[in-house]
Amino acid sequence: MTNKTIESLDRVVIRFAGDSGDGMQLTGDRFTSDTATMGNDLSTLPNFPAEIRAPQGTLPGVSSFQLHFADHDVLTPGDAPDVLVAMNPAALRANLRDLPRGATIIANTDEFTTRALAKVGYASNPLEDGSLESYHVHAVALTSMTVDALAEFDLTRKEKERAKNMFALGLLSWMYTRPTDATEAFLATKFGSKPEILAANVKALAAGFNYGETTEDFASSYAVAPAPMPAGTYRNITGNVALSLGLVAAAHRSGLPLVLGSYPITPASDILHTLAGLKRHGVTTMQAEDEIAGIGMALGASFGGALGVTTTSGPGVALKSETIGLAVSLELPLVIVDVQRGGPSTGLPTKTEQADLLQAMFGRNGESPVPIIAPQTPSDCFAAAMDAVRIATAYRTPVFLLSDGYLANGSEPWLVPEVADLPDLSVEFATAPNGVDDAGAPVFQPYLRDPETLARPWAVPGTAGLEHRIGGIEKADVTGNISYDPDNHDLMTRLRQAKVDGITVPDVEVDDPSGDARVLVLGWGSTYGPVFAAVRALRRQGHAVARAHLRHLNPFPGNLGEVLRSYDRVIVPEMNLGQLALLLRAKYLVDVRSHTAVRGLPFTTTELAEVVGAALEELS
Amino acid sequence: MTITDHLARHGLAGVPLLEADAPKQTKKDFTSDQEVRWCPGCGDYVILAAVQSFLPELGLKRENITFVSGIGCSSRFPYYLNTFGMHSIHGRAPTIATGLATSRPDQSVWVVTGDGDALSIGGNHLIHAMRRNVNLTILLFNNQIYGLTKGQYSPTSKVGQVTKSSPMGAVDQPFNPVSLALGAEASFVGRVMESDRPSMMATLRAAAEHRGTALVEIYQNCPIFNDGAFEKIKDRSEQEARLVRLEAGQPVRVGAEDARRVLVRTPGGALEFVPEDQADPTAYVVHDPYAEDPSQAFALSRLDSPEMTSVPVGIFRQVERPTYDDQVRAQVAGAQDAAGGPATDADLAALLRGKDTWTVA
Ligand code: SF4
């Protein structure tokens with residue numbers, strides 16, 4: 001047994017970085033899974049290039065996975081890594097500027113060849129030239145030690161080298177006292193059909209672990225105690241999976257079959273993949289010929305009485321806009337999931353951004369109001385998806401669910417809800433005529449609205465006596481017949497708007513523990529974590545700062561104006577150039593302060609704390 | 001093929017039939033209360049009357065028929081039928097119909113579209129519906145012009161056609177919709193003249209009963225912007241010499257009895273009409289719409305020309321092939337059956353938990 005000491009830490013941020021072919025995402029996922037099982041709270045941030053195999057050893061080819069875990073609740077994936085695992089010089093170069101002095105670097109020396117160094121502009125080897133003297137550098141020959149450990153295996157050198165990520169994972173598992181059995185079980189499933197590769201990976205994992213234990217280079221390992229979390233069953237979950245499960249749960253609780261029409265697009269495709277595997281839950285997925293067909297199929301299914309959903313990212317929303325307008329006119333339920341990425345155009349497919357808010361809000365011809373909901377954390381995508389379905393079905397309207405690349409791929413522990421506690425979303429279809437014609441005979445009036453919700457009846461084909469025709473041409477109030485009457489168009493336009501404006505959304509809650517805050521930080525979507533973390537950091541320094549978060553972007557909560565007006569300064573951080581700020585200023589005439597960045601990455605806590613700190617200073 | 005197999009492949013299998021003792025349906029049952037608003041003399045009237053007269057033949061309940069259309073003159077069609085209907089957006093009707101047909105096997109789903117709607121803006125959806133073989137009947141009204149937008153050339157307008165947007169003549173090569181459909185793996189392709197009622201009724205029936213995508217091109221006259229586009233084959237005196245009526249199992253013939261020509265395959269492989277009395281019967285081209293290989297049907301579709309010297313009409317292709325919607329539903333049903341029926345609360349709970357959970361006490 002080891003005679004090395006185990007030190008306790010309250011939190012650690014690790015970043016695994018390597019070539020996109022080095023298996024860093026897998027390594028990160030496995031480490032996350034083992035960490036979750038140990039009861040730590042955590043948050044992850046994968047960051048990878050858009051190219052499937054970017055040129056080897058180059059800066060654009062670097063793929064990384066950051067994990068923040070702690071013995072307390074974790075709000076963000078962490079600003080700066082405490083530990084960087086750099087599988088090659090490119091990984092070091094691309095990530096070094098994020099590393100605070102004093103951080104630990106574990107570098108794979110085998111890859112630090114003159115050629116590889118030159119490729120990324122290192123004139124000399126930073127592991128040897130003293131330029132890293134303010135860091136704790138562990139130079140480890142990861143590749144050759146892996147190959148040596150696998151000497152007896154009947155595999156090519158290349159195949160052996162490929163197991164180096166497992167060696168690294170083993171080493172990190174030792175460092176942070178994580179068990180490796182779950183990873184072994186995972187490898188057994190993954191490589192079940194290739195016993196030699198499986199054995200090699202398990203061996204490499206163990207070799208990495210043992211190396212940590214025996215080498216003098218690592219003096220001690222670290223333990224991070226479990227975080228106190230509410231009792232219950234937990235799993236680790238990414239935003240895309242949580243969103244998929246939310247849709248399935250909503251379909252289950254509404255009694256409607258879920259029909260997804262979708263076209264593959266980063267970073268939304270995982271929702272299509274997940275749902276395609278859930279046929280057992282009555283889920284139909286149709287991979288369409290294009291984005292337009294995807295939403296058309298979903299809308300056709302909704303017309304037929306199913307829960308129609310389409311999933312995409314910003315460029316896809318642009319293509320679907322006309323059909324969203326049709327759904328507004330038809331007043332049928334439809335959920336449009338936009339997993340936002342950097343734009344405009346192709347932009348940054350694998351990076352996060354929140355710049356589709358105004359597109360969701362206004363990106364259609366005519367007055368075309370669509371409710372918008374944004375999840376705040378990866379696991380919250382579940383509840384947000386259910387809420388989107390509630391609004392879509394209750395109000396017979398298309399609804400935007402605005403996730404983003406960070407939520408989609410990021411992960412965190414999720415307290416799995418009990419099915420019985422999930423909201424009841426049962427729907428009622430029209431079953432009989434709802435009016436009479438001039439002669440007193442019963443007729444069906446497809447645009448006779450519910451006085452409460454202003455929703456029109458959902459009358460699906462197959463219901464006798466309800467045969468009717470609907471379309472994108474303006475319809476007469478009540479009868480739904482084609483109408484070009486000016487007053488009718490004015491009325492219908494206002495009715496559609498009033499229906500969306502009247503959607504029941506909960507009041508926004510303000511978190512202002514002292515009650516004396518003069519500054520409010522208002523976030524939406526995935527800025528939840530960084531905003532909360534920054535506010536918490538400031539409060540620890542003794543400042544009074546209030547915080548609120550918007551889930552409903554359209555309509556806004558009823559108390560929002562009052563909330564905004566009760567603070568001397570409202571700061572709205574967004575990963576766009578101030579889109580929510582624009583809406584707030586227009587609607588409430590409140591001079592909110594925008595803080596914006598579009599770097600394809602979530603805000604850091606430090607950055608937001610500085611921004612809010614400056615506002616506090618100004619007011620003092 | 002057993003009777004059950006046959007029924008399973010029947011285009012209307014799964015769509016409930018009218019009760020045996022229900023009053024007999026008439027054209028009036030399928031006529032909505034909306035005033036029809038096409039231009040006087042428009043060929044669309046003829047097609048509407050034919051479809052309204054035809055629908056009772058199917059013996060279906062009105063609520064189990066849905067018409068979906070796109071945009072254009074023809075796309076107003078659903079408003080005039082007393083069935084379920086959706087007048088959607090330009091070119092997208094096949095996508096909406098695909099979603100409906102896949103989620104509702106109890107519906108007879110029809111798409112009404114035009115040459116601009118189906119072949120220009122909606123070309124992608126049309127070809128993908130056909131290759132998937134979704135159980136739909138698509139009626140493509142081809143008037144070789146944009147009518148609703150007041151007379152621009154369309155993707156089936158002739159080269160050189162002078163229109164508002166082509167004052168010096170259109171330079172675009174037109175599509176032959178039948179050739180396009182055959183190339184897009186369509187399992188049923190037909191063409192009829194709007195004015196040819198018997199052939200229209202027969203083709204509509206075959207199309208409705210076909211399981212899979214049935215594309216029926218209907219030559220439709222637009223008297224306002226492209227009058228007489230089909231005059232050469234409409235005019236009784238010319239029609240006989242030009243219209244090639246395709247009949248399954250029969251040699252392909254054209255012309256009046258005294259001037260009849262028959263289609264033969266020349267030694268070089270090309271198809272050619274020759275006077276019947278001079279033709280070698282072993283070289284006759286016998287029409288076989290049931291052939292797996294679409295190449296002869298394609299060759300027949302190429303007999304067409306802008307001069308309309310020989311225009312084939314009838315059913316070019318009619319083959320059985322698994323449909324998209326049947327297979328999609330079968331996968332879902334199969335997964336549910338294998339798991340012991342529709343998902344229960346316990347199944348959902350298991351899904352939410354996933355495979356890797358831990359408990360906090
Ligand atoms: S423009 Fe032509 S196609 Fe359109 S309704 Fe008038 S006649 Fe018919």
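Chain letters run A, B, ... following the sequence lines, proteins first, then strands; residues in each count from 1.
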Side chain, backbone, both or neither: which part of B/Q34 has a heavy atom under 4.5 Å from chain A? side chain
Test item: A/L326 and B/R92 side chains (from C-beta on) under 4.5 Å apart, heavy atoms: no
Determine whether A/R280 and B/L351 make a side-chain contact, defined as any pair of heavy atoms from C-beta on separated by less than 4.5 Å. no
Under 4.5 Å, counting heavy-atom pairs only, tell me which of A/I295, A/L415, A/D290 racks up the most with chain B. A/D290
pair B/D356-A/F186: side-chain heavy atoms closer than 4.5 Å: no
When you compare the side chain of A/R235 with that of B/R353, does any pair of heavy atoms fall below 4.5 Å? no
Turns out that what part of B/Q331 lies under 4.5 Å from chain A's heavy atoms comes down to both
A/H281, part contacting chain B, at a heavy-atom distance under 4.5 Å: both
Which answer fits B/I65, side chain, backbone, both or neither, if we ask what part of it has an atom under 4.5 Å from a heavy atom of chain A? neither
Proximal component of B/A361, with respect to chain A [non-hydrogen, under 4.5 Å]: backbone
Looking at A/A36, A/A298, A/P257, which one has more heavy-atom pairs under 4.5 Å with chain B than the rest? A/A36
Is B/R132 close to chain A through its backbone or its side chain, or both, or neither, when contacts mean heavy atoms under 4.5 Å? side chain
Under 4.5 Å from any heavy atom of chain A, what part of B/V328 do you find: side chain, backbone, both or neither? side chain
At a 4.5 Å cut-off on heavy atoms, which part of A/L278 comes close to chain B: side chain, backbone, both, or neither? side chain
Contact class of A/L330 relative to chain B, heavy atoms under 4.5 angstrom: side chain
Contact check, side chains of A/E289 and B/I127, non-hydrogen atoms, under 4.5 Å: no
Which bit of B/Y324 is near chain A, if near means a heavy-atom gap under 4.5 Å: side chain, backbone, both or neither? side chain
Part of A/T323 within contact of chain B (heavy atom distance under 4.5 Å): both
Which of the residues A/L422, A/V419, A/V416 is involved in the greatest number of heavy-atom pairs with chain B at under 4.5 angstrom? A/V419
Minimum heavy-atom separation for B/T66 to A/F303, with atom names? CG2-CE2, 3.8 Å
Residue B/T344 versus chain A: region with a heavy atom under 4.5 Å: backbone
Would a 4.5 Å heavy-atom cut-off, applied to side chains only, mark A/T233 and B/W358 as touching? no
Note, B/E63 side chain near A/T463 side chain (heavy atom, < 4.5 Å): no
So for B/T95, is it side chain, backbone, both, or neither that comes closer than 4.5 Å to the heavy atoms of chain A? both
Of the listed residues (A/V259, A/T284, A/I292), which shares the most heavy-atom pairs with chain B below a 4.5 Å separation? A/I292
A/M297 vs B/T102 side-chain heavy atoms within contact, under 4.5 Å: no
Between A/A182 and chain B, with a heavy-atom cut-off of 4.5 Å, which part of the residue counts as in contact: side chain, backbone, both or neither? neither
Heavy-atom distances under 4.5 Å only: say whether A/V460 touches chain B with side chain, backbone, both or neither. both
Considering only heavy atoms, which portion of A/P413 lies under 4.5 Å from any heavy atom of chain B: side chain, backbone, both, or neither? both
Out of B/Y79, B/F84, B/F67, which residue meets the side-chain contact (heavy atoms from CB on, under 4.5 Å) rule with A/R469? B/Y79
